[in-house]
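By convention in this document, chain letters (A, B, ...) are assigned in the order of the sequence lines, proteins followed by strands, and residues within each chain are numbered from 1. Since this is a predicted model, take the numbers as computed values, not measurements.
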Amino acid sequence: MARILITSAIPYINGIKHLGNLVGSQLPADLYARYMRGRGHEVLFLCATDEHGTPAELAAAKAGKPVAEYCAEMWEVQKELSDGFALSFDKFGRSSSPQNHALTQHFAGRLADAGLIEEVAESQVYSNADGRFLPDRYIEGTCPNCGYERARGDQCENCTKQLDPTDLINPRSAISGSTDLVVRETKHLYLRQSALKDQLAEWIDSKTDWPILTTSIAKKWLFDGDGLQDRGITRDLDWGVPVKRGSEPWPGMEDKVFYVWFDAPIEYIACAKEWTDAAGRPDADWERWWRTDKGADDVRYVQFMGKDNVPFHTLSFPATIIGSSEPWKLVDYIKSFNFLNYDGGQFSTSQGRGVFMDQALDILPADYWRWWLLSHAPENSDSEFTWENFQSSVNKDLADVLGNFVSRVTKFCRSRFGEAVPSGGAFGPDEQALIERLQTGLPAYEAHMEAIEVRKAAAELRGLWVAGNEYLQSAAPWAAFKEDPERAAASVRLALNLIRFYAVISAPFIPDAAARMLSAMNTLDMEWPDDVSESLAALPAGHDFTVPDVLFRKITDEEREEWQSRFAGQR
RNA sequence: GGGCCUGUAGCUCAAUUGGUUAGAGCAGAGCGCUCAUAACGCUUUGGUUGGGGGUUCGAGUCCCUCCGGGCCUACCA
């Protein structure tokens, strides 16, 4: 039995995430976690909300609430939605937790002791009206290059020229619109990533099995231009982890907090402590996952994230860990995803374009979304959600192929033999052919799951479902029943066992439906079918079952059209 | 501007990393079945692999070029 630590990129606290966010990290991470648990491995699956930073402060202000209160409420909302999608986190933590405060300050202290932190004085734009320093992109003005009037302080969206906020003509606060801006001197801490460049490059080079998407982004940051740059890890904000050197004050940094991207990945670790603290368990119980000197040396650590998160996970966070000179577990594999587009464009939070997690669950159960999203995961390139595709995948794969299989088998058995697994008869060539099919298909499915090839795994799984229908067609128990009821009984006995088999192997994709299939088969046996033949005898003759309700209903053309217009934009 | 990714059947995607005649699912056509959610099975139509050039015995795959799409570019997260 292996031990597998899995983290999903932590979703930002500000607002409800859309399906593109979901499929880019949390959902495939859940698939992998469920699969590995199903195979009997010991899994720790962690996620949290990422709560700090300017957008959270602004969103709280807009909602008229103190930021701590706002974040607590949004955490509840996100927790409920992740439960709704059956995301099986062992702990859904918060980057604002006391555990993360302490650990972030601890890392900063270690890095400072190692000489990897430098104080840098810099000039930044301060808005008197807003009472805060403004990040570059929160300053708007006229582009000196093209004259576009809504250029941002970091880049002009119109002509794509990179800018400095002081380049802008008529600069104003993007928050309040105020033009009462001044440039103030402020001091910040920088993480000297450049000093760790060679170590990081060597580490990345050793990861030859990582997705190209992951390593190419890392290498670009490592080697492009002047190479890996030092990074500011503090901000002039109120909401965040107060800057301390371990547990000691940090002179000159009294009113500052750590940058959200410094503390957010540390939450992966702190989350594990939140997990054991909440259960009143000792630190050793989480440290055995994270400290290689305390039992984590045999742990395999896999991270899931969208491509926009890659630099922080391949460079910044490893720099924090390596720089600490403490034996923390480094990531073993990074699975990164491209983006999901919506019906010919991007999902847009600001325009309400696309389907958001709450809306998705309002119209259909989680399994429908999980199946479509995972079987179309944007692994090799950006992929596209369309309602036509969603409708046809759900109707064909889930309703017709899997759902109807369960229906036809259970109803046929009920009408001919009653609601118990029938006895008698022996397996013949049709049964042998099915078993051989499963004996080649199941290992292929397992190989794809272990390689985290999500789409391929979904396609292989669907193929195994199809094999059940093929078997019924060739065995034709409805015809056999007339001349040789014993043979029909053997077929039905196998087919009922096949339902349990499907429930077990499909559970990572569609956990709710799998649970209903098992419940209909009146069993709690979720043993992975390492031996296919044996697993197809798990339900013995005489075992009672029930005919379940329709497993997956079909999406009608009317619904599809209605949803298409409902989610077109302007939420 | 720079870096990286990407373009394959009407649609969504494969193609063992340069190796036979480019494969699946959906949609379309035909046949079969009647247990089942008008479901299932079998057969089948459909491709100048974005355009052009090159390397090679051999190119979807490598190189050059042009065209289109996307991401990142370090103070959004």
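- For the pair T440(A) (side chain) and R437(A) (backbone), a donor-acceptor distance under 3.5 Å is present.
- Closest contact between the side chain of F552(A) and the listed nucleotides rU12(B), rU37(B), rC40(B) involves rU37(B).
- Not one side-chain nitrogen or oxygen of K456(A) sits closer than 4.0 Å to the OP1 or OP2 atom of rC13(B).
- The phosphate of rC35(B) has neither OP1 nor OP2 within less than 4.0 Å of any side-chain N or O from R408(A).
- With rU12(B), rC76(B), rC35(B) as the choices, the nucleotide that has an atom nearest any side-chain atom of Y138(A) turns out to be rC76(B).
- Under the 3.5 Å distance criterion, the side-chain polar atoms of D230(A) are matched with a main-chain donor or acceptor of S194(A).
- Looking at N404(A), its side chain comes within 3.5 Å of the base of rA36(B) through a donor and an acceptor atom.
- Regarding contacts with the backbone of rC40(B), every side-chain N or O of Y471(A) stays at 4.0 angstrom or more from both OP1 and OP2.
- Residue Q473(A) contributes atom CD, which lies 16 Å from atom P of rC31(B) at whole-angstrom precision.
- Between K396(A) and rA39(B), a side-chain N or O to OP1/OP2 separation shorter than 4.0 Å is absent.
- For D549(A), the CG atom is loosely surrounded, since the number of other residues' heavy atoms within 6.0 Å does not exceed 12.
- The side chain of K307(A) lies closest to rC71(B), out of rC71(B), rC76(B), rG41(B).
- If you take CZ of R231(A) and C1' of rC76(B), they are 11 Å apart, rounded to a whole angstrom.
- Among the nucleotides rU37(B), rA74(B), rA77(B), the one closest to the side chain of L551(A) is rU37(B).
- When heavy atoms are screened at a 4.0 angstrom cut-off, P477(A) is found touching no nucleic acid atom at all.
- Remark: RNA chain B takes part in the stems B:1-7 with B:67-73, B:10-13 with B:23-26, B:28-32 with B:40-44, B:50-54 with B:62-66, each of 3 or more antiparallel Watson-Crick or G-U pairs, criterion distances under 3.5 Å.
- Counting any heavy atom pair closer than 4.0 Å across all strands shown, Q229(A) reaches a base atom.
- Lacking a ring centre under 5.5 Å from that of the base six-membered ring together with a plane angle below 30°, F412(A) does not count as stacked on rC35(B).
- Here the side chain of Q78(A) pairs no donor or acceptor atom with the backbone of I16(A) at under 3.5 angstrom.
- Between R462(A) and rC26(B) there is a side-chain polar atom (N or O) within less than 4.0 angstrom of OP1 or OP2.
- As judged by a 4.0 angstrom heavy-atom cut-off over every strand, V550(A) is placed among the base-contacting residues.
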Taking only N/O atoms, report every protein-nucleotides 3-9 of chain B pair under 3.5 Å with atom names and distance.
from: rC4(B); atom 1: O2'; to: S216(A); atom 2: OG; distance (Å): 3.2

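- Atom-to-atom, OH of Y190(A) to P of rA74(B) comes out at 12 Å; the value is rounded to the nearest Å.
- Taking the six-membered ring where tryptophan is involved, the planes of F385(A) and W387(A) are perpendicular, since the angle between them exceeds 60° and thus also 30°.
- In this structure, F347(A) and F356(A) have perpendicular ring planes: the angle between them is above 60°, well past the 30° mark.
- Each of W261(A), Y268(A), F312(A) was checked for a side-chain contact (heavy atoms from CB on, under 4.5 Å) with F317(A), and the lone residue meeting it is Y268(A).
- Using bins of under 30°, 30° to 60° and over 60° for the plane-to-plane angle, the ring pair F390(A)/W369(A) lands in the parallel bin.
- Residue N14(A) is out of contact with every strand shown, counting any heavy-atom pair closer than 4.0 Å.
- The distance between atom NZ of K219(A) and atom C1' of rU73(B), rounded to the nearest whole Å, is 19 Å.
- Annotation for D205(A): atom CG counts as buried by contact number, over 12 foreign heavy atoms lying within 6.0 Å.
- Under the 3.5 Å distance criterion, the side-chain polar atoms of R414(A) are left unmatched by any main-chain donor or acceptor of E419(A).
- When the nucleotides rG41(B), rU37(B), rU34(B) are ranked by their closest atom to the side chain of W478(A), rU34(B) comes out on top.
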